[in-house]
Amino acid sequence: REEPSSEHDVLTITSPELSGGHGLNECYKVIEGLPWACVASSPVGSMYVRIDVSATLSLQQMIKVCQNYIKFEESIDSFMPSHRKDTADCKSNKKDVKGATNKERNNLLPTCSTVEALIDCMNPSKEHFYKLNLTHLRDGILEFRQHPSSKDKTTVTYWIRFCVAFVKNSARLRSPLS
């Protein structure tokens, strides 16, 4: 076992693709198996949830996910710790999408006629540090980066469920008006 060389070294755990209740059970097992020394509640730790939308969402549905994320980013911020609200490694999509109001931003997003255009609109600095990271969307992956890391399996699974439900409901419901 190799010890971290500094306080900024971070344990990274990447799971294989998981789905459904069985996938969440596998996630539980991994979390339960971590030693207590791996509790990562520092400001440098974060949890990324990647959702494969390649076979399930059209471009129009992905646009609705982005519109809803912009609309609800501040609400999601309200249940995140302050160090995950708008920092260099957790950037606001809402602030970086062109437009002074949600309505202007929501009117801009449907003008994206390709996945590449949507990526450029939502992640204009071309970095992966956005709360809703679309840099993997070329491969059909939406990545939620906002949640801090946690060893609490309930917290982890609730966030995973929230992200999946957010994508599903955004895709199937009408676009937000403002």
Side-chain angles (χ1 to χ4, degrees), residues 17-20 23-24 41 43-150 154-178:
E17 187 174 312
L18 304 173
S19 63
L24 286 176
S41 59
V44 297
S46 49
M47 174 175 39
Y48 310 142
V49 175
R50 291 182 173 180
I51 301 173
D52 183 351
V53 297
S54 60
T56 56
L57 297 188
S58 68
L59 176 61
Q60 299 312 318
Q61 289 171 313
M62 287 186 266
I63 288 170
K64 289 195 296 184
V65 171
C66 294
Q67 288 173 318
N68 277 310
Y69 195 83
I70 286 171
K71 178 176 182 172
F72 293 110
E73 183 179 299
E74 290 171 353
S75 296
I76 297 168
D77 279 346
S78 74
F79 57 87
M80 292 292 157
S82 60
H83 68 272
R84 300 302 299 166
K85 291 187 179 171
D86 193 17
T87 62
D89 69 334
C90 193
K91 295 174 74 168
S92 169
N93 296 89
K94 181 176 182 167
K95 287 182 181 176
D96 280 6
V97 171
K98 293 177 182 167
T101 65
N102 279 354
K103 187 171 183 81
E104 288 176 10
R105 293 178 193 104
N106 283 333
N107 289 337
L108 173 68
L109 288 168
T111 66
C112 298
S113 58
T114 64
V115 167
E116 197 63 41
L118 184 60
I119 294 167
D120 289 343
C121 188
M122 285 292 288
N123 299 153
S125 69
K126 310 277 192 253
E127 297 174 322
H128 65 273
F129 297 114
Y130 285 93
K131 296 172 188 177
L132 179 60
N133 174 25
L134 300 189
T135 60
H136 302 288
L137 195 54
R138 293 171 196 88
D139 300 319
I141 305 294
L142 289 172
E143 182 180 64
F144 290 82
R145 300 177 57 91
Q146 189 170 4
H147 204 286
S149 60
S150 177
T154 303
T155 298
V156 170
T157 55
Y158 280 173
W159 179 244
I160 293 169
R161 288 175 187 264
F162 172 83
C163 293
V164 170
F166 186 89
V167 169
K168 272 186 171 180
N169 288 325
S170 293
R172 73 179 181 81
L173 299 172
R174 67 177 173 81
S175 299
L177 299 176
S178 61

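Throughout, residue positions are numbered sequentially from 1 according to the sequence presented.
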Heavy-atom closest pair, residues [X] and [Y]:
X      : Y      : result
Met80  : Pro148 : SD-CD, 3.9 Å
Phe129 : Ala88  : CB-O, 3.4 Å
Thr154 : Thr157 : O-OG1, 3.2 Å
Cys66  : Leu134 : SG-CD1, 3.7 Å

Looking at side-chain heavy atoms only, is the closest gap between [X] and [Y] below 4.5 Å?
X      : Y      : answer
Gln67  : Pro110 : yes
His128 : Tyr48  : no
Val53  : Val65  : no
Ile70  : Met122 : yes
Ile51  : Ile141 : no
Ser175 : Leu109 : no

Partner residues of Leu59 under the side chain to side chain contact (heavy atoms under 4.5 Å, CB included) criterion, sequence neighbours left out: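 Counting only residues at least two positions away or on another chain, Leu59 forms a side chain to side chain contact (heavy atoms under 4.5 Å, CB included) with Ile63, Val115, Leu118.
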For Ser125, side chain to side chain contact (heavy atoms under 4.5 Å, CB included) partners two or more places apart: Lys91, Glu127, Tyr130
Without swapping roles, check the side chain of [X] against the backbone of [Y] for a donor-acceptor pair under 3.5 Å.
X      : Y      : answer
Asn68  : Lys64  : yes
Asn123 : Leu132 : yes
Arg84  : Arg145 : yes
Thr111 : Leu108 : yes

Rounded distance [0.5 Å steps], [atom1] in [X] versus [atom2] in [Y]:
X      : Y      : atom1 : atom2 : result
Phe166 : Leu142 : CZ    : CG    : 10.0 Å
His136 : Ile119 : NE2   : CD1   : 10.0 Å
Phe144 : Ile160 : CZ    : CD1   : 12.0 Å
Cys163 : Arg50  : SG    : CZ    : 13.0 Å
Gln61  : Ser170 : CD    : OG    : 10.5 Å
Tyr69  : Ser75  : OH    : OG    : 10.5 Å

For Arg105, salt bridge (charged side-chain N to carboxylate O under 4.0 Å, His left out) partners two or more places apart: none
Qualifying residues under salt bridge (charged side-chain N to carboxylate O under 4.0 Å, His left out), relative to Lys131, sequence neighbours excluded: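 Lys131 satisfies salt bridge (charged side-chain N to carboxylate O under 4.0 Å, His left out) with Glu73, Asp77 only.
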Ring centres under 6.0 angstrom apart (Phe162, Phe79): yes
Residue pairs involving residues 107-120 (criterion salt bridge (Lys or Arg N to Asp or Glu O under 4.0 Å); sequence neighbours excluded): Glu116-Arg138, Asp120-Lys126
Mutual orientation of the aromatic rings belonging to His147 and Trp159 [parallel < 30°, tilted 30-60°, perpendicular > 60°]: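 His147 vs Trp159 ring planes: tilted.
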Pairing residues for Glu104 by the side chain to side chain donor-acceptor pair (under 3.5 Å) criterion, not counting sequence neighbours: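 With sequence neighbours excluded, Glu104 shows a side chain to side chain donor-acceptor pair (under 3.5 Å) to no residue whatsoever.
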